[in-house]
Amino acid sequence: MNSETLLDTIPSLDLADFLSGDAERRAKFVQDLGSAFNNIGFVAIKNHGLTDELTAKLYEVVQKFFYSDDELKFKYVVPGIAGQRGYVAKGKETAKGFKVADLKEFYHIGQPKIDDGDPIWAEYPDNVFPTEQPEFEAYTVEAYNTLQVAGKNLLRAIAIYLELPEDYFEDKVKHGNSILRAIHYFPISNPDDVPEGAVRAAAHGDINLITLLMGASAEGLEVLRRDGVWIPITSLPEYVIVNVGDMLDRLTNHKLKSTIHRVVNPPKEKLGTSRFSIPFFMHPRSEMNLTCLESCVNAENPKLYVDMTAGEFLNERLIELGLKK
Ligand SMILES: O=C(O)CCC(=O)C(=O)O
Ligand SMILES: [Fe+2]
C-alpha cells in the first residue's frame with residue numbers, strides 16, 4: 001500500500017506482533033502501522049490489553065452515570081477548567097468550524113496523580129468521580145492506565161517507522177495530559193428536537209498525538225477518505241480503533257495523517273437509542289515541541305505548520321471548540 005491507495009476499510013493489526021520477540025513480526029507491524037497512518041490515518045488494533053471483563057464493567061458504570069438524572073450529573077461539572085475533568089453537559093462542545101453543538105454529553109478523566117514530585121502535576125486539575133458510584137473511579141482509572149500502556153507501545157512502533165530512537169516519545173508522554181472521554185450520544189425522542197444541521201459528532205480531526213477508541217463497534221463512525229468519500233467504520237468487539245491526531249500530523253509534517261472523521265445520526269427509527277463510545281486521547285506533556293521533524297521536510301514536502309508546543313496548540317483548539325474563552 002502506498003499513500004495514494006484508496007482503502008474501503010481500515011487495516012486490522014495485532015499489537016501482539018509488535019510485542020512478540022520475533023523480529024520479523026515486529027518489523028511487519030511497524031511497517032503496516034506506519035503505512036496505514038501515512039494513508040488513511042486509522043487502524044483497528046487487537047491485543048491492546050483491555051479484557052472483556054473490564055470493558056463490560058466500564059460500560060456498565062458509564063451507562064449508569066449517564067442514565068442518572070441531571071441533578072446528579074451536574075454535581076460533577078467543574079467550572080473554569082474548559083471541561084478538562086468531570087461531566088460536560090449536552091450542547092457544550094461544537095466542532096471546529098461548526099455553528100451547532102454536537103448531540104452528546106461526556107465525562108473526562110485525566111492523568112491520575114501520583115506523589116513523585118513531578119512539577120507537571122501543578123498543571124493538571126484534579127479528577128472528580130461520582131461518589132454515588134464507588135466503582136466508577138476504579139474501572140475508568142484501570143482503563144486509562146491500560147490504554148496508556150497500549151498507546152506507549154504504539155508510539156514506540158511509530159518512532160521506529162519514523163527512524164527515530166524507539167523511545168523518542170517516552171519522556172514526552174510521561175505523565176502526559178491524556179484524557180479518557182466516556183461519551184453518551186443521547187436518545188432523541190422527537191426528531192423535530194434536532195437543531196438544523198446537528199449531528200452526534202460533527203466532522204473533526206483529533207487534537208492529540210494518537211487516539212485509542214473503545215466501542216466503535218456501534219454504527220455511526222465515518223472516516224473521510226482522501227477522495228472525499230465517507231468510509232463507515234465497523235469493527236469487531238475485540239478491537240480498538242487507533243487514529244493519528246493533529247499533534248502527530250504536525251510533528252511529521254503530514255506524513256502521518258490526522259484524518260477527518262464524524263459520528264452520523266442514526267436513521268429516524270433509531271434516534272431514540274443511545275450510543276456510547278470511550279476514546280482515550282493520548283497527549284504529551286505541554287512542553288513537547290511539535291516543530292516538524294527535519295526528516296519529514298524536504299523539497300517535495302515543504303514545511304506546513306508553524307512551530308508550537310503541545311500546550312500552545314491545545315489551548316488554541318480548546319478556544320475553537322467553545323470550551324475555553
Ligand atoms: O464516538 C466515536 O465513535 C468517535 C468519537 C470521536 O471521534 C471523538 O470524540 O473525537
Ligand atoms: Fe475524534
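Read the numbers this way: they start at 1 and go in the same order the structure lists the ligands and their atoms.
Annotation for Lys92: atom NZ does not count as buried by contact number, only 12 or fewer foreign heavy atoms lying within 6.0 Å.
Take the N/O/S atoms of His261: the one nearest the Fe ion (ligand 2) is NE2. Residue-level check: among N/O/S atoms of His204, NE2 sits closest to the Fe ion (ligand 2). Minimum-distance N/O/S atom of Asp206 relative to the Fe ion (ligand 2): OD1.
On a distance-only criterion, Lys104 and ligand 1 share no N/O pair closer than 3.5 Å.
Contact between Arg262 and ligand 1 is absent, with no heavy atom of the residue lying under 4.0 Å from the ligand. Look at Tyr185 and you'll find a heavy atom under 4.0 Å from some atom of ligand 1.
Each of the following atoms of ligand 1 lies closer than 4.0 Å to a heavy atom of Phe281: 8 (C), 9 (O), 10 (O). Against a heavy-atom cut-off of under 4.0 Å, Val263 is close to the following atoms of ligand 1: 1 (O), 2 (C), 3 (O), 4 (C). Within ligand 1, counting atoms from 1 as listed, the ones closer than 4.0 Å to a heavy atom of Asp206 are 10 (O). If you number the atoms of ligand 1 from 1 as listed, the ones under 4.0 Å from a heavy atom of Leu213 come out as 3 (O). Counting atoms of ligand 1 from 1 in the listed order, those under 4.0 Å from a heavy atom of His204 are 6 (C), 7 (O), 8 (C), 10 (O).
Inter-residue side-chain proximity for Tyr239 and His48 is flagged as unmet; no heavy-atom pair is nearer than 4.5 Å. Taking 4.5 Å as the limit, every side-chain heavy atom of Val242 sits out of range of all side-chain heavy atoms of Leu13.
Of the heavy atoms in His261, only side-chain atoms (C-beta onward) come closer than 4.0 Å to ligand 1. By the criterion of a heavy-atom distance under 4.0 Å, the side chain of Arg181, and not its backbone, is placed next to ligand 1.
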side-chain contact (heavy atoms from CB on, under 4.5 Å) assessment of Lys152 paired with Phe169: CA-CA 8 Å; Lys152 285 182 180 174; Phe169 291 99; over 6 Å; no
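Salt bridge present: Glu170 and Arg156 bring a charged side-chain N and a carboxylate O closer than 4.0 Å. Using a cut-off of 4.0 Å between Lys/Arg side-chain N and Asp/Glu carboxylate O, Asp118 and Arg285 are scored as salt-bridged.
Annotation: Tyr124 is not in aromatic contact with His175 [ring centroid separation under 6.0 Å not met].
When each of Arg226, Lys257, Arg225 is paired with Asn39, the side-chain hydrogen bond (donor to acceptor under 3.5 Å, both in side chains) condition holds for Arg226 and for no other.
Aromatic ring orientation, Phe65 versus Tyr76: perpendicular (interplanar angle above 60°, classes split at 30° and 60°).
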